Amino acid sequence: MRRLLTLAAAAALVLVCVAAALAADKPLTFGLLLVGPYNDKGYSQAQYEGGKYVEAHQPGTKMLYLDKVNPADRPGVTIPQLVDDLAAKGATLILAGSDDMKDGIREAAEAHPDLTFVHLSGDDALTGKAPKNLGNVFSKMEYAKMMAGFSAAMTTKTGKIGFLGPLINDETRRLANAAYLGARYAWEKVRGEKPEGLTFKVSWIGFWFNIPGVTSDPNQVAGSFFDQGFDVVISGIDTPEALTVAGARKKTGAAVFALPYDYKLACQAAPEVCLGVPYFNWGPPLATIVKAVAAGTYKPGFEWLAPDFAALNDPDKSPIGFTVGDALSPEARKALAQFIADLGTGKVNLYAGPLQYQDGAAFVQAGSVATDKDIWFCPQLLRGMEGASASK
């Protein structure tokens, strides 16, 4: 009798384990809203490929995507309308890819309480504006932007670095600030140059990518930097114009360089002038979300994912990475590797005070270190940077 009970208990345990395994791999259809073209060689393509990663790593998972979700490409079409369409096609998880989708995805989540929503940006779950079925997930790209700034400052001969910015908000200001901090560290601490010898200027185009007749042309803005003696341009926009302009100038004999953004393979457009690219690796974060939603264990909240410094470019681990470009010198590569290691161990913390905003207000007091909340809500560019902190 005891043996029969033991066998029955073992069988029950097997059934529980099998059920758990099936739940973990439960098929799920998710919808992905991309702000730009799915093949833009930038931000949207990085998210699209993240979705394909999920399909490849989680059996039975299906992605439905809609790209060019922006007012210029889809005039009059709202986020809730697009979500209605995805829901009608069977999507039970909706991923919204861009900060400017904040209001629309909140409205859609309120209209579909039976679906799960994750905004891949934004902070509604942090501020309390989010309904119970809406979470926020983003990655700490600031550290890869520091690497970009570091690489730029290790390379520049003129001491003039340009930053090609998109629209102006908390996210874009803090990313520009991070690039500046990385550049300042390399310029002063590694190269031993005087602070006044470094110029770091930000020019904003008005959106995440070029919209003719609406934004400034990023090709012209990048070209203007080079015309003014800037020899390195760091891109903060979704598309690779800074790199292609630098490549064209290189062919005329100009000693100029650029760092594109968002997409791991972006350097391929002009490797001869590419110092590197800070990029999003959306596969692992999206796979974690999808698996949790399929298993019924996902709890919407605010997540800001730190890089895995020990496996920065492992496609299965770190949510951000930094690809070293062909144009980065061996000396700069060595210094960058040490800088990355020091960021990882905490030996170098570029958010340690004192730090000030452009108007002189304190960002971080001497003896203190910025908290995540201090960094996330970013009202101004930092003192030492040129450029507007707000739209006119």
Side-chain angles (χ1 to χ4, degrees), residues 141-165 174-203 222 225-226 228-236 242-243 246 249-250 254-261 267 271-278 307 309 312 322-356 358 363-364 366 369-370 381-387:
M141 177 54 70
E142 289 71 18
Y143 292 99
K145 285 294 192 183
M146 290 175 184
M147 299 169 201
F150 184 97
S151 301
M154 290 298 297
T155 302
T156 180
K157 303 298 184 188
T158 66
K160 300 178 73 173
I161 298 170
F163 189 94
L164 182 63
R174 67 175 182 263
L175 291 175
N177 287 348
Y180 169 68
L181 290 173
R184 189 179 72 169
Y185 182 86
W187 183 257
E188 297 179 20
K189 303 299 184 182
V190 182
R191 293 185 58 171
E193 301 285 356
K194 295 181 179 180
E196 60 269 21
L198 178 66
T199 298
F200 193 101
K201 182 178 180 179
V202 182
S203 291
F225 273 130
F226 295 134
Q228 296 174 59
F230 290 76
D231 57 350
V232 183
V233 173
I234 301 170
S235 179
L243 184 67
R249 294 296 181 100
K250 175 74 172 181
V256 297
F257 303 90
L259 293 102
Y261 180 36
C267 277
E272 68 280 4
V273 295
C274 189
L275 300 179
V277 53
F309 287 101
L312 193 63
F322 186 86
T323 298
V324 175
D326 291 351
L328 193 66
S329 72
E331 179 186 10
R333 287 171 184 248
K334 183 178 179 180
L336 175 64
Q338 185 62 56
F339 176 63
I340 293 171
D342 289 344
L343 286 176
T345 61
K347 181 179 180 180
V348 171
N349 188 334
L350 299 188
Y351 288 121
L355 293 170
Q356 293 178 312
Q358 277 184 329
F363 168 35
V364 187
V369 175
L381 298 181
L382 296 178
R383 172 163 284 191
M385 302 171 69
E386 298 179 12

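Computed from a predicted model, the values in this text were never measured in an experiment. Scope of the values below: all heavy atoms of this structure, side chains included, with no hydrogens, waters or symmetry mates.
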Interatomic distance, NZ@K160 vs OG1@T199, rounded to 0.5 Å, equals 6.0 Å
For R184, the salt bridge (charged side-chain N to carboxylate O under 4.0 Å, His left out) test, sequence neighbours excluded, returns none
Heavy-atom nearest pair, V277 first then C267, reads CG1-SG, 4.2 Å
What one should report as the nearest heavy-atom pair of V273 and V256 is CG1-O, 3.5 Å
dist Y351:OH -> R174:CZ (nearest 0.5 Å) comes out at 8.5 Å
For E188, the side chain to side chain donor-acceptor pair (under 3.5 Å) test, sequence neighbours excluded, returns none
Taking the side chain as everything from C-beta on, heavy atoms only, tell me whether L312 gets closer than 4.5 Å to P307. yes
For F257, the ring pair (Phe, Tyr, Trp, His ring centres under 6.0 Å) test, sequence neighbours excluded, returns none
Taken in chain and number order and not counting sequence neighbours, the residues that satisfy side chain to side chain contact (heavy atoms under 4.5 Å, CB included) with A335 are F150, M154, V190
Residues at least two apart in sequence or cross-chain that pass ring pair (Phe, Tyr, Trp, His ring centres under 6.0 Å) with Y143, listed by chain then number, are F309
Determine, stepwise, if the pair V202 / M385 fulfils side-chain contact (heavy atoms from CB on, under 4.5 Å).
-> CA-CA 7 Å; V202 182; M385 302 171 69; 3.8 Å; yes
Does K189 form a side-chain contact (heavy atoms from CB on, under 4.5 Å) with V348? I'd like the steps, not just the answer.
CA-CA 11 Å; K189 303 299 184 182; V348 171; over 6 Å; no
Discussion item. Quick one, I340 and M147 - any side-chain contact, counting heavy atoms below 4.5 Å?
Written reply: yes
Correct closest heavy-atom pair for A152 and L259 would be CB-CD1, 4.1 Å
With sequence neighbours left out, the residues meeting ring pair (Phe, Tyr, Trp, His ring centres under 6.0 Å) with Y180 are F200
To the nearest 0.5 Å, atom CG of L175 lies from atom NZ of K145 at 6.0 Å
Closest non-hydrogen atoms of I234 and G149, given as atom of the first, atom of the second and distance, are CD1-CA, 3.8 Å
Rounding to 0.5 Å, atoms CG (L275) and OG (S151) come to a distance of 6.5 Å
Between the CG atom in N177 and the CD atom in E142, the distance rounded to the nearest 0.5 Å is 9.5 Å
Contacts of Y185 meeting ring pair (Phe, Tyr, Trp, His ring centres under 6.0 Å) (sequence neighbours excluded), chain-then-number -> F339
Minimal heavy-atom distance between P278 and M141, with the atoms involved, is CB-SD, 3.9 Å
- [ ] Report the C-alpha distance between L164 and Y261 in whole Å, list the side-chain angles of each, state the deciding distance to 0.1 Å, and finish with yes or no for side-chain contact (heavy atoms from CB on, under 4.5 Å).
- [x] CA-CA 10 Å; L164 182 63; Y261 180 36; over 6 Å; no
V364 and A352 have their tightest heavy-atom pair at CG1-C, 4.3 Å
Rounded to the nearest 0.5 angstrom, the CG-CG distance for L336 and L343 is 9.0 Å
E272 meets the salt bridge (charged side-chain N to carboxylate O under 4.0 Å, His left out) criterion, sequence neighbours left out, with none
So the salt bridge (Lys or Arg N to Asp or Glu O under 4.0 Å) pairs with at least one residue in residues 325-352 (sequence neighbours excluded) are none
The side chain to side chain donor-acceptor pair (under 3.5 Å) partners of R191 (sequence neighbours excluded) come to none
Across all chains, not counting sequence neighbours, the side chain to side chain contact (heavy atoms under 4.5 Å, CB included) partners of A153 are I161, A183, A186, W187
